[in-house]
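Contents: one structure, followed by commentary.
Any value given below was found using the heavy atoms of this structure, including those in side chains, with hydrogens, waters and symmetry copies removed. We count residues from 1, following the sequence as given.
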Amino acid sequence: MKPSQEDKAALPVDEVYHTALETYFDVHRKSLENPEEFWNEHANIVEWYRKWDTVLDSSNPPFYRWFKNGRINLSYNCLDRNIKNHRRNKAAYIWIGEDGSEKIVTYHGLLKRVNSLASALKNLGIKKGDRIIIYLPMIIEAPVAMLAAARIGATFSFVFGGYGAGALSERINDSGAKLVITADGSYRGGKIVELKKVVDEALQSTSSVENTIVVKRTDSPVEMVEGRDMWYHELIRGGNVFVEPESMDSNDPLFILYTSGTTGKPKGVVHSNGGYAVWVANTLKWAFDPKEDDRWWCAADIGWVTGHSYIVFAPLLLGLTSILYEGSIVYPAPDRMWEIIDHYGINLLYTSPTAIRTLMKYGDAYTKNHDLSSLRVLGSVGEPINPSAWQWYYRNIGGGKCPIIDTYWQTETGGFVISPSAGLGLPPLKPGSGTFPMPGIDPVILDRNGKEVKPGEKGYFVIRKPWPGMFLTLHNDPERFRSTYFEKYNGGYYAGDYAIRDEDGYFWLLGRADEVLNVSGHRLGTIEIENALVSSSEIAEAAVFGRPDPVRGEVIVAFVVIKDGFSTDQEMGNRIKKRIRDSLGPIYVPQEIHFVRNLPKTRSGKIMRRVVKAVALNQLPGDISTLENSVSVDEVKDAIDTFSRETGTEGRKGAVPE
Ligand code: PRX
């Protein structure tokens, strides 16, 4: 496999920020040569009730267990530990509402809030090991809920507010959650999203939930079910409480976070307490080199793994001050992000390529009126960053003086995997490359037979050795954990991504190698969307794929076969979109829906999604010897051509040129 020009996108780097590199290489080498010694030392970034007996137990691969028999509590580490020192009255969070309101919550104040909620949870009968669902917007109660769960040893599962009732109930059922913490609504782009209504609908198809706790945020009208639903503010009244943090085994679960895979069923990624904490705290320190007085803004949503690891756990473990911004970065105007940086003097900014491309589209007029000189380090996450967005970020936002920390990682990895390390020594940066592995990461790029590819050749990204932040298992499905990730490449961890390592040893992560889409940095399974489509009574068959998009990375395109007797007009398209929005959530709504009478299939009746995609994007469809009905290919072509005529778009267009 050869990389295309867009894949590799190497640019001259002479002028781009770098510092002495020796320390990085030295630390990375030591981490692989003697992992026991290395992690024995670096695990002390957090405080343990009891130190481990064994750094790494590899007796039952791939179920690796880090810091065996160590005991720890992350709420203690994030809060109690910090209020004993100079950070007691330091801001843990500066919360900024979309409406401009502001709340500063100190470490001491955060501990108070967490204790109040932890006590309320205990009074409701929530115990160590119980699962609770958090379905909250970007408000201070979101980290409070996560930390309260961690404090009493309950396993939380955060469900992103952009998911609909179907997605929520599926997660409640899979996790067997006893409790849901939600809000009446949330503000987004000046509008209210009514979250409690979604919860009410989801609870109609679940049976495990005994109570819901509702935060009042928008004052939207909500129905409170007597005996089941409680207001957060009423529950936490009761003055000064202290809840003793539960002593957790290093390998007890901290949270389950559902993410999309190649089947219709989302995967419940389970993270540990000990290894996870060691990993997120060290990686943030190595990659971004935060200083005590810095203001850190990770602009992701708290409901994604980026928010879990780098809005909540890592910055609190390091005692930093974080920005927590509630709303849209283009509301009320496209300079919202720059205004916040200017006003609060942000030093470290971590955001996504989609956000950068969105803001870049508005041009420099919006950046010019703001003083961005407080910025020292910039970060990127979620998708490959294209060189022109990189350059704009580097020059227009960072003023050519801030390194860009392009962090490649996944829900499963817990924290950064490939990233430049500002805290250890930066290589000359190449726009679009995450550069080198984090300490402890031993990556390799393999062809489909498991043979290492040559420099510059595209292959599959695999991590050969376990690392502390790796997930423990998939909830309720250890076999899927083993077979999806560890079976293909000699027991190594297969990430599901394509990558290249260039002649200088730099890694370039190129996107998914499986049936998973990346829309604005959101990971969505094609099959989940197809399943939701065919579950509606009018649709017989569906094929979904991603079309490259200059701003969002990819957009969702659906081809559907409508059953006889139903219309195939715009109204039907709108009806289908609404149904997807209500069930899976707004992030899953296809941008384009095309109606056809047949879809390309194999002789055994399997829909050939890859052929639909290739034809629609005007690419070579590859091997079509098993294709049964060639007329279907013409139908796909006609549908796209008609669509582009009607909408004035470019139609069957392939990769977006850089
Ligand atoms: O394809 C890779 C892409 O995002 C996927 C992981 O998605 P998720 O588990 O939702 O976590 C996102 C936030 C960590 C990966 O398999 N990805 C993430 N970061 C990058 C990236 N692709 C290229 N470069 C990145 N920096």
Side-chain angles (χ1 to χ4, degrees), residues 161-170 185 188-195 197-198 200-202 204-205 220 264 517 519-520 522 524-549 551-552 554-601 607 609 611-613 615-617 629 631-653:
Y163 281 121
L168 178 59
S169 62
E170 187 170 21
R188 191 85 203 169
K191 297 200 191 84
I192 288 178
V193 184
E194 295 182 317
L195 293 179
K197 284 208 175 116
V198 181
D200 290 339
E201 197 188 326
Q204 284 172 15
S205 37
S220 314
L517 306 181
V519 179
S520 303
H522 300 153
L524 314 174
T526 46
I527 301 174
E528 282 173 276
I529 308 171
E530 288 166 358
N531 285 353
L533 287 167
V534 297
S535 71
S536 72
S537 53
E538 305 95 335
I539 299 179
E541 287 169 346
V544 166
F545 59 88
R547 174 202 291 282
D549 180 84
V551 175
R552 284 174 283 177
E554 278 183 307
V555 292
I556 305 169
V557 179
F559 276 76
V560 295
V561 178
I562 296 288
K563 288 182 189 160
D564 286 346
F566 292 103
S567 64
T568 55
D569 51 14
Q570 192 166 354
E571 201 192 311
M572 172 64 83
N574 292 341
R575 214 157 53 221
I576 295 171
K577 286 185 182 178
K578 179 169 184 320
R579 216 166 292 138
I580 297 280
R581 180 174 294 113
D582 292 345
S583 61
L584 292 176
I587 52 172
Y588 281 90
V589 175
Q591 163 121 339
E592 297 169 21
I593 295 185
H594 301 283
F595 301 111
V596 285
R597 270 167 306 156
N598 299 284
L599 281 169
K601 282 191 201 143
I607 294 171
R609 186 192 298 108
V611 174
V612 184
K613 177 174 181 177
V615 172
L617 300 184
N629 47 349
V631 54
S632 60
V633 169
D634 298 330
E635 277 201 54
V636 170
K637 268 190 203 147
D638 288 348
I640 284 281
D641 290 343
T642 310
F643 176 81
S644 62
R645 258 197 321 275
E646 285 171 0
T647 58
T649 54
E650 282 177 63
R652 284 188 281 130
K653 193 176 69 167

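Counting heavy atoms from C-beta on, the side chains of Arg547 and Ile640 come closer than 4.5 Å. In this structure, Tyr588 and His522 have side chains that are not in contact, with every pair of non-hydrogen atoms separated by 4.5 Å or more. At a threshold of 4.5 Å between non-hydrogen side-chain atoms, the residues Ile556 and Val544 count as touching. Under the 4.5 Å side-chain criterion, counting only non-hydrogen atoms from C-beta, Ile192 is in contact with Ser220. Inter-residue side-chain proximity for Asp549 and Glu554 is flagged as unmet; no heavy-atom pair is nearer than 4.5 Å.
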request  = Could you walk me through whether Lys578 and Asp582 pass salt bridge (Lys or Arg N to Asp or Glu O under 4.0 Å), step by step?
outcome  = CA-CA 6 Å; Lys578 179 169 184 320; Asp582 292 345; 2.6 Å; yes

Which pairs would a plain distance check flag for residues 560-567, meaning a side-chain donor or acceptor within less than 3.5 Å of a matching protein atom at least two apart in sequence or in another chain?
{"unit_1": "Lys563", "atom_1": "NZ", "unit_2": "Ser537", "atom_2": "O", "d": "3.0"}
{"unit_1": "Ser567", "atom_1": "OG", "unit_2": "Asp569", "atom_2": "OD1", "d": "3.2"}

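In terms of heavy atoms, Ile607 sits closest to Ala542 at CD1-O, 3.8 Å. Ser536 and Arg579 make their closest contact through CB-NH1, 2.7 Å (heavy atoms, listed as atom of the first residue, atom of the second, distance). When all heavy atoms of Pro548 and Leu617 are compared, the pair lying nearest together is CD-CD1, 3.9 Å. Between Ala543 and Leu599, the shortest heavy-atom contact is N-CD1, 4.0 Å. Considering all non-hydrogen atoms of both residues, Ile527 and Gly264 come closest at CG2-N, 3.7 Å. Of all non-hydrogen atoms in Ala202 and Ala165, the two that sit nearest each other are CB-O, 3.6 Å.
Under the salt bridge (charged side-chain N to carboxylate O under 4.0 Å, His left out) test applied with Glu541, the options Arg609, Lys601, Arg597 reduce to a single match, Lys601.
Remark: Leu533 CG to Ile576 CD1 distance equals 6.5 Å, nearest 0.5 Å. Atom CD of Glu201 and atom OG of Ser583 lie 9.0 Å apart (nearest 0.5 Å).
Applying the 6.0 Å contact sphere to CZ of Arg575 captures more than 12 heavy atoms from other residues, nucleotides or ligands.
Classification of the Phe559-Phe545 ring pair by plane angle, with boundaries at 30° and 60°, yields parallel.
Residues Arg552 and Gln591 have side chains that bring a donor and an acceptor to within less than 3.5 angstrom of each other.
Looking at Glu646, its side chain never comes within 3.5 Å of a backbone N or O of Phe643 through a donor-acceptor pair.
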